[in-house]
Amino acid sequence: SQQGEEDPQALSIQEGENATMNCSYKTSINNLQWYRQNSGRGLVHLILIRSNEREKHSGRLRVTLDTSKKSSSLLITASRAADTASYFCPFISSGSARQLTFGSGTQLTVLP
Amino acid sequence: EAQVTQNPRYLITVTGKKLTVTCSQNMNHEYMSWYRQDPGLGLRQIYYSMNVEVTDKGDVPEGYKVSRKEKRNFPLILESPSPNQTSLYFCASSPPGPTDTQYFGPGTRLTVL
């Protein structure tokens, strides 16, 4: 199966700055999701965007999806130290039985 | 509280000694899945289950078995563990319907010596 690829692999910013991370994929998708993982812990679902949506907001999170470029971006505004985590953009491939395909993630560090 | 639980959270064992990692969810979810996470490789799906008595292989099923006799439980069985199965394991569940959001357990860190 084709993995989503997060970019950059690592990102370090100051508290209060915005953080942008990107995701690219290779197959057709039904939807794309973003998850956060604090070090060594379980993944927490952040937001889901469907293939017919272009932008979605949830609190300080803004996700965009460009199906023509097979890419998505996650923007975290006014970042906090608590946002330090790894971020993943798995996707459900079209025709898949809810099989999420993961990349290696973006490690975000927010410095106080 | 709605949650996915896994036991044990940490386990050190030796090659060839059969072990079971349990997973249980209290949300009445139909779909359950097991992943392993290794540095630099992200999460890879081992097995998944669409419903009771329905299981299927994911991307890396070799060396693992699962069963789904009840809706809430989805144990992962390693019949003869090997050092290359040292990893962080996650169980996840998902409700029926179109959202496909998956709820993850806290993880089980397994070391096979």
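On a predicted model such as this, the values are computed, not experimentally measured, just so you know. Letters go in sequence order (proteins before strands), and every chain restarts at 1.
The neighbour count for B/Ile12 CD1, taken as heavy atoms of other residues, nucleotides or ligands under 6.0 Å away, does not exceed 12. Counting non-hydrogen atoms of neighbouring residues, nucleotides and ligands closer than 6.0 angstrom, the CZ atom of A/Arg54 exceeds 12 such neighbours. B/Gln3 CD: more than 12 foreign heavy atoms inside a 6.0 Å radius.
Between the side chains of A/Gln33 and B/Gln102, no donor N or O sits under 3.5 Å from an acceptor N or O.
Linking ILVMFWY side-chain heavy atoms closer than 4.5 Å, directly or via other members, places A/Phe88 and B/Leu88 in a single hydrophobic cluster. B/Leu76 and B/Met50 fall into different hydrophobic clusters, where Ile, Leu, Val, Met, Phe, Trp and Tyr residues are linked whenever their side-chain heavy atoms come under 4.5 Å apart, directly or through other members.
Taking both residues in full, the closest heavy atoms of B/Phe90 and A/Gln37 are given as CZ-NE2, 3.3 Å, listed atom of the first, atom of the second, then distance. Minimum heavy-atom separation, B/Phe104 to A/Leu43: CB-O, 3.5 Å. Closest heavy-atom contact between A/Ser104 and B/Gly40: OG-O, 3.0 Å.
For B/Gln6, no part lies near chain A; criterion is any non-hydrogen pair under 4.5 Å.
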